[in-house]
Amino acid sequence: MYEILLREDLVPNIHLYKLAAPGVARKAQPGQFIIVRVDEKGERIPLTIADWGREEGNITIVFNEVGRTTHKLAALKEGDFIANVVGPLGLPTHIDKFGTVVCVAAGYAIAAMAPIARALKEAGNRVISIIRAPSKETLFGEERLKEFSEEVTVVTGDGSYGREGFLLKPLKELLENEVVDRVIVIGPACVMKLVAGTTRLFGVKTTASLNPIMVDGTGMCGCCRVMVGEETKFACVDGPEFDAHEVNWDWLMARRCTYSGAMPSVTQYQCRYCAQW
Ligand code: FES
């Protein structure tokens with residue numbers, strides 16, 4: 001059993017939990033994830049590790065409350081326990097001294113970007129971040145990313161804070177005016193697809209952290225398979241990060257839709273940019 005040591009409601013529907021999980025904390029790396037089962041009859045869901053305290057033996061997760069399991073998870077409070085936490089899973093983010101790296105994140109994925117930006121900075125990169133939320137009310141993580149980024153551009157959909165609209169415009173401006181050596185993107189699949197389409201025009205290598213449906217998280221069920229180039233990959237063991245220019249995004253989004261009819265509450269989060277998940 002894994003105790004919830006701290007709970008913070010970052011914005012409506014996005015929650016941060018610090019969990020006592022010393023075994024995971026000891027080995028966690030940027031870009032890795034855990035599989036959580038809230039109780040012994042619960043489904044298994046993947047959540048990216050947003051931070052860890054090796055000495056203290058804890059990990060931080062940030063999740064979006066969108067379906068039955070995340071509602072159940074969000075109903076817990078400090079001092080409650082989660083039945084199972086398996087991890088760290090997946091390959092860590094490839095960190096190197098690339099030069100100038102642009103970190104692009106949207107929504108709850110901003111939390112997952114923070115340890116990546118930190119590692120990139122520690123490796124000697126110049127880190128620039130572009131983050132987006134629908135509104136000021138739903139934005140979090142700006143201050144944390146500022147710790148590791150030379151600049152942070154904030155975009156809100158309604159213009160209530162930072163720039164208004166979508167994040168492709170500031171990304172394109174950056175690519176037009178600066179030498180960018182690498183782009184890393186985390187967010188909804190449709191956002192990552194659009195970012196990949198933009199960076200391809202500029203020939204900038206881009207990695208994306210994929211978010212297919214997962215079950216076991218250890219390469220055995222085949223549920224998380226994605227097409228990268230001409231190959232089938234399992235996101236849980238071969239990824240979750242892949243060359244964004246090689247990913248078959250439409251296939252990924254179609255597979256992510258498989259069970260959306262069984263979760264009526266998710267429709268409110270349907271992407272208005274591509275009308276798909
Ligand atoms: Fe089962 Fe990846 S989640 S193979």
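Nothing fancy with the numbering, it's 1 onward along the sequence. Worth saying up front: this structure is predicted, and the values here are computed from it rather than measured. We count ligands from 1, going down the list as the structure has it; atoms in each ligand are counted the same way.
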Hey, can you pull the donor-acceptor pairs under 3.5 Å for the side chains in residues 226-238, sequence neighbours left out?
from, atom 1, to, atom 2, distance (Å)
Asp238, OD2, Phe234, N, 2.8

How about Tyr17 and Phe63: are their ring centres within less than 6.0 Å of each other? yes
Nearest-0.5 Å distance, OG1 of residue Thr48 to CG of residue Asn211: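 Going from OG1 on Thr48 over to CG on Asn211, the span is 8.5 Å.
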Any carboxylate oxygen within less than 4.0 angstrom of a Lys/Arg side-chain nitrogen, looking at Arg118 and Asp51?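 Yes, this pair counts.
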Mind running side-chain hydrogen bond (donor to acceptor under 3.5 Å, both in side chains) on Glu65 and His15 for me, showing each step along the way? CA-CA 8 Å; Glu65 199 183 334; His15 313 285; 2.6 Å; yes
Within a radius below 2.8 Å of atom 1 (Fe) of ligand 1, how many protein N, O or S atoms are present?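 Of the protein's nitrogen, oxygen and sulfur atoms, 2 lie under 2.8 Å from atom 1 (Fe) of ligand 1.
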Are there over 12 heavy-atom neighbours, none belonging to Glu137, within less than 6.0 Å of that residue's CD? no
